[in-house]
Amino acid sequence: MPPYVRGMTDRQTVSHVLRRLTFGPTATEVDKAEEAGAAATISTALAHRTAPPGPGLSTGPPPAQDADRDARRKARARQNAELDRWWLRQMAADSTAGEKLTFFWHGHWATSIQKVKSAALMYRQQQTFRRYGTGDTGPFIRAMLRDPALILWLDGQQNTAKAPNENLARELMELFTLGVGNYTEDDVRAGAQMLTGWTVDRAAGTSKLIPKRHAQSPVTLLGTTGVTDIDGYADLLARHRAHAPFLAARFWLRYGSGAAPSAAATERLVTAFGPGRDVTAMLRALVLDPEFPATNGQLVKQPVEWVVGAVRQLGIDAGKLDDKQLKQLSAMMRALGQVPFRPPSVGGWPAGTAWLTTASAQVRLRSAPNLVTLAPAAVATLEEAARPDRLDALARLLVIDRWTDRTAAVLAPAAQDPKKLLTLGLATPEYAVH
């Protein structure tokens, strides 16, 4: 353990770690973390866990092959809504790094249900994130090249030896594994050739290779001659010198700071990633990095983080919310511009100050009362505090280190009304940035 970690036991430090690794720690979770210390807290948060039970979706074209278009559309919408509700409950229930990491990979391998048109295939992609997304990225990339949802999203099923489609090969290198400048147009063409012939069986929910549609000739790809299949392609990507630094930068921008990591921090993360390409080791190194403490307050919450974090910290039991209430939470995320399973493009969602607009601040202010309505226990907690202590009680409840003088001046008059105080607290700059 690095020397600077041994003394990391104060509340602010463990709060910072948990705010980044999870969707939002509760005050009670921070109490336990403060007692355990940062190192133990990190190990617990990153411990591998059993995947949650699935929502039980059908893979075939619902409800039947001969059903009319409107019936199929309605059935698909019901399954999409079921998947949305299921994941929202999972995110709100999880106190570890698991669902946050799954959400990271969803934004990284950005795939939209609006084009895939199958909740079951999107769920199966999620299972791939959970199964492979904590360890070696070599098997992970292999699995993603066979992922039915990704193949459909990037037109892989249209990629044949006679008519190569370069979409998946290009995005695979540019956005998912290597980054701009680390491959050539010849690599894109060669990669597309290796991906020819893969199709999706929607009824079975699987992908398969059709040999007669696959280009048989070996190619020269990323400096290696003789590549013949997607596993060889995936292995080249995982071993490429640009892969580890590319992932280190992606993780830093989502878990560390809105600014790119320093060269020294990147090197430390790459070293932790190691020859085993261990994602969990890289994430652990990130929150133990000597530059990580200085990132406190530098990362803007994504809308999903804001909504799910509020649900967790207000003590709202998402498992007991009815469909109407869950739909209301989804509507909040939609109004803020981010809905799970519906990224705007293959590049995923924006980051940083893109979420800090006047319009988004107004949406948070309009949404906060609806969250407070679902949280009578949180209101009661503030009511129990003496009026002069309510700002401190609010900061503890929302796991905020401190209020600025400007924010405190705005909140102070509302201390007499706990519901109003809690509503304003959720809309503060301190709660929008962590």
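Note that the numbering runs from 1 along the sequence shown for the chain.
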Inset, instruction - May I have the step-by-step check of side-chain contact (heavy atoms from CB on, under 4.5 Å) for T423 and L371, ending in yes or no? - result: CA-CA 8 Å; T423 297; L371 289 165; over 6 Å; no
Legend entry - Derivation and outcome, side-chain contact (heavy atoms from CB on, under 4.5 Å), residues F246 and L178: CA-CA 6 Å; F246 173 75; L178 304 181; 5.7 Å; no
Inset, instruction - Would you check, one step at a time, whether the test side-chain contact (heavy atoms from CB on, under 4.5 Å) holds for M333 with L88? - result: CA-CA 11 Å; M333 292 186 283; L88 182 53; 4.2 Å; yes
Inset, instruction - Assess whether side-chain contact (heavy atoms from CB on, under 4.5 Å) is satisfied between R254 and H108, documenting all intermediate values. - result: CA-CA 10 Å; R254 291 298 188 184; H108 183 83; over 6 Å; no
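Side-chain contact between L326 and R89: present, with at least one pair of heavy atoms (C-beta onward) separated by less than 4.5 Å. With contacts defined as side-chain heavy-atom distances shorter than 4.5 Å, the pair L329/L321 qualifies. Side-chain contact between Y255 and L101 is present, with heavy atoms from C-beta onward closer than 4.5 Å. Residues L18 and V399 have side chains not in contact (no heavy-atom distance under 4.5 Å, counting atoms from C-beta outward). R239 has its side chain within reach of R277: a pair of non-hydrogen atoms, C-beta onward, lies under 4.5 Å apart. At least one side-chain heavy atom of L422 sits under 4.5 Å from a side-chain heavy atom of L397. Contact of the L336 side chain with the W355 side chain is not registered, since no non-hydrogen atoms from C-beta on lie closer than 4.5 Å. A heavy-atom distance below 4.5 Å is found between the side chains of F103 and Q302.
Residue pairs that meet the salt bridge (charged side-chain N to carboxylate O under 4.0 Å, His left out) test with at least one member in residues 346-357, sequence neighbours left out, do not exist here.
With respect to R146 and D231, a salt bridge is recorded, a charged nitrogen being found less than 4.0 Å from a carboxylate O. For D401 and R11, the salt-bridge test fails: no basic side-chain N is under 4.0 Å from an acidic carboxylate O. Note on D84 versus K327: no salt bridge recorded, every NZ/NE/NH1/NH2 to OD/OE distance being 4.0 Å or above. Salt bridge absent: R402 and E430 never bring a charged side-chain N and a carboxylate O closer than 4.0 Å. Between R170 and E166 a salt bridge is recorded (basic side-chain N to carboxylate O distance below 4.0 Å). Between R396 and D392 no salt bridge is recorded (no basic side-chain N to carboxylate O distance below 4.0 Å).
In terms of modelled atom types and a separation under 3.5 Å, the side chain of Q313 and the main chain of P25 share a donor-acceptor contact. Judged by distance alone, the side chain of R78 and the main-chain N or O of R76 form no donor-acceptor pair under 3.5 Å. Remark: the backbone N or O of N165 is paired with a side-chain donor or acceptor of N159 at under 3.5 angstrom. In this structure, R19 contributes its side chain and N296 its backbone to no donor-acceptor pair below 3.5 Å. Listed for the W198 side chain is no donor-acceptor partner under 3.5 Å among the backbone atoms of D147. T160 places a side-chain N or O within donor-acceptor distance of the main-chain N or O of A163, the cut-off being under 3.5 Å. In this structure, W403 contributes its side chain and L391 its backbone to a donor-acceptor pair below 3.5 Å. The backbone N or O of A192 lies less than 3.5 Å from no partner atom in the side chain of T196, so there is not a single donor-acceptor pair. A donor-acceptor pair under 3.5 Å is absent between the side-chain atoms of H243 and the main chain of A238, judged by distance alone. A donor-acceptor pair under 3.5 Å is absent between the side-chain atoms of R284 and the main chain of L46, judged by distance alone.
Note: F104 and F251 have parallel aromatic rings, judged against thresholds of 30 and 60 degrees for the angle between ring planes.
When the shell of 6.0 Å around CG of D405 is examined, it contains 12 or fewer heavy atoms from other residues, nucleotides or ligands.
Residues L83 and A119 share a closest heavy-atom pair of CD2-O, 3.5 Å. Here the shortest heavy-atom pairing between W87 and T102 reads CZ2-CG2, 3.8 Å. Closest approach of A149 to L121, counting heavy atoms only: CB-O, 3.9 Å. Heavy atoms only, all atoms of each residue included: T22 and S95 are closest at CG2-O, 3.5 Å. Shown here for Q157 and L152, the closest heavy-atom pair between the two residues is OE1-CA, 3.6 Å. Taking every heavy atom of both residues into account, I316 and A375 meet most closely at CG1-CB, 3.9 Å.
Among the candidates E267, R268, E291, the single residue satisfying the side chain to side chain donor-acceptor pair (under 3.5 Å) test with S262 is E291. F176 pairs in a ring pair (Phe, Tyr, Trp, His ring centres under 6.0 Å) with only one of the listed residues (W109, W105, F140, W153), which is W109. Exactly one residue among V200, L168, L172, T128 makes a side-chain contact (heavy atoms from CB on, under 4.5 Å) with L150. That residue is L168. Just one residue in the list I400, T428, L424 forms a side-chain contact (heavy atoms from CB on, under 4.5 Å) with T407, and that residue is T428.
Rounding to the nearest 0.5 Å gives a distance of 13.0 Å between OG1 of T134 and CZ of F129. One finds the CG atom of D322 at 10.0 Å from the CZ atom of R85 (value rounded to the nearest 0.5 Å). Distance check, rounded to the nearest 0.5 Å: OH of Y123 to OG of S118 gives 13.0 Å. In this structure, CG in L269 is found 5.0 Å from CG in L286, a value given to the nearest 0.5 Å. For the atom pair CG (L426) and CG (L421), the distance works out to 9.5 Å, reported to the nearest 0.5 Å. If you take CD1 on I141 and CE on M144, they are separated by 10.0 Å, rounding to the nearest 0.5 Å.
For the residue pair N370 and S367, no side-chain donor N or O sits within less than 3.5 Å of a side-chain acceptor on the partner.
The six-membered or imidazole ring of W349 lies away from that of F341, with a centre-to-centre distance of 6.0 Å or more.
Residues passing the side-chain contact (heavy atoms from CB on, under 4.5 Å) test with R49 are P52, D94, T96, E99, R130, sequence neighbours excluded.
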